[in-house]
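Taking it in order: structure first as structure tokens, then the write-up.
In each ligand, atom 1 is the first atom listed, and ligand 1 is the first ligand listed.
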Amino acid sequence: MTVTLLHSLPALRVARLTPQAWSLASAAPVPPLGGLGYGPLIDGADTVRGRVLSAAGPMVDAWSSAGPLTQGQTGRVRWRHNGHWLYGAIELDEAVEGKDLATLSRQAYADIFGTLKHTGCSHLQRLWNYLPGINADGGGLERYRQFNAGRQIAFLDAGYAAFEGAPAACAIGTRGGPFCVRFLAGTAPPVPVENPRQVSAYHYPSTYGPRAPTFSRAALVPVHTGQVALLISGTASIVGHASVHAGDVQAQTQETINNLQAVIAAAHERCSARFDLARLECIVYVRHADHAPLIRAVFEAAVGADSPAARSAVYLEADICRADLLVEIEAHGIAEGEVRA
Ligand code: 3EB
């Protein structure tokens with residue numbers, strides 16, 4: 001029974017493309033489900049606006065599967081799916097909406113859960129959250145903390161796991177533009193992975209805000225027969241629940257890499273696939289553009305300057321969800337193997 005289902009699962013693929021390659025892929029008979037662009041506006045992609053600090057310039061992570069595809073809109077979410085895998089996106093302009101970020105994030109997530117129900121792709125795998133002014137005050141509460149409140153309430157409203165079993169995610173600060181959420185969902189639940197060096201984010205104490213962030217450190221996703229994706233959430237210089245190495249970007253980058261390695265080791269307990277940071281595709285979010293060369297030197301010392309990870313990494317100027325964090329790295333990759341539930 002399970003074997004039959006797995007064989008009927010169309011493969012989920014991801015490719016890091018130049019804007020030109022993305023444009024060609026978008027014109028193919030079966031276009032990607034969606035694309036996350038990094039840099040300037042890229043036609044047809046959901047672009048994370050920010051200065052690209054890596055030499056190869058703007059890139060698009062294109063998430064694809066087999067056709068035929070169906071596309072539509074649920075509430076304010078635009079989505080495209082093939083009955084097994086779904087990519088969706090929502091943008092809300094706070095100036096137009098005139099509501100606080102807690103209310104807006106609850107609304108955005110309610111539309112996301114509505115999409116899952118409508119399409120039958122009912123399991124979130126990965127979320128990407130982009131918040132303008134993430135560290136700014138939102139009327140007595142930092143805006144990231146407002147976002148966390150609305151997000152957790154929406155998970156609880158919809159009857160989705162807001163603690164153990166939450167999807168992988170990132171929450172990044174942009175220097176302008178709308179509040180954006182992008183997501184990948186599927187017909188089967190991912191296997192969540194935590195980092196033994198860190199308190200689970202959904203168990204952070206209330207000193208970090210009235211409601212904890214809703215995400216797991218990583219998700220293992222069976223993407224095809226014999227293939228597993230590892231989707232690692234935004235990872236920063238946090239040990240336990242505390243930010244460490246305040247003001248020391250070199251030490252923060254090394255601690256972040258130690259955390260990534262710990263998440264990969266924890267993922268290996270749950271699957272037969274073997275992942276190597278040096279072969280994952282990473283996004284490196286850099287708070288201060290002038291820190292990029294040092295961050296890159298530490299990252300390349302860890303993975304090798306000629307490694308696929310070093311060559312494909314996108315460095316983007318962005319804000320991080322805690323004011324004392326200077327760098328955050330997220331990563332994904334697909335390897336041969338099976339997930340152990
Ligand atoms: C952290 O570990 C750093 O709120 O969705 C990383 C990944 C972070 C996801 C989120 C926040 C989120 O707490 C910040």
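Every heavy atom of Y208 sits 4.0 Å or more from the atoms of ligand 1. Using a 4.0 angstrom heavy-atom cutoff, E330 does not count as in contact with ligand 1. Under a 4.0 Å heavy-atom criterion, A201 is not in contact with ligand 1.
Between R322 and ligand 1, no N or O atom pair is found at a separation short of 3.5 Å. Checked against a 3.5 angstrom limit, the closest N/O atoms of T214 and ligand 1 fall outside it. On a distance-only criterion, T235 and ligand 1 share no N/O pair closer than 3.5 Å.
Within the listing of ligand 1, atoms 1 (C), 2 (O) sit less than 4.0 angstrom from a heavy atom of R217. Listed by atom number, the atoms of ligand 1 under 4.0 Å from Y144 heavy atoms are 4 (O), 10 (C), 11 (C), 12 (C). Atom numbering of ligand 1 starts at 1 in the shown order; those under 4.0 Å from a heavy atom of E328 are 3 (C), 6 (C), 14 (C). Under a 4.0 Å criterion applied to the non-hydrogen atoms of I238, ligand 1 contributes the atoms 1 (C), 2 (O), 3 (C), 13 (O).
Within 6.0 Å of atom CD in Q250, 12 or fewer heavy atoms from other residues, nucleotides or ligands are found, so the atom counts as exposed in its surroundings. Counting non-hydrogen atoms of other residues, nucleotides and ligands closer than 6.0 Å to CG of D43 gives a total of 12 or fewer.
No donor-acceptor pair closer than 3.5 Å links the side chain of R143 to the backbone N or O of A136. At distances below 3.5 Å, not a single donor-acceptor pair connects side-chain atoms of E142 with backbone N or O atoms of D137. Put simply, the side chain of E328 never gets that close to the backbone of C321: no donor and acceptor are under 3.5 Å apart.
F155 has its ring centre less than 6.0 Å from the ring centre of F113.
Neither the backbone nor the side chain of Q198 has any atom closer than 4.0 Å to an atom of ligand 1 (non-hydrogen atoms only). Within the 4.0 Å heavy-atom criterion, neither part of H241 lies near ligand 1.
When the side chain to side chain contact (heavy atoms under 4.5 Å, CB included) test is applied to R270, the partners found at least two apart in sequence or on another chain are V191, L220.
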#### Entry: ring-ring contact (aromatic ring centres under 6.0 Å, His included) between H81 and Y87, intermediate numbers included
CA-CA 6 Å; H81 74 75; Y87 172 90; over 10 Å; no
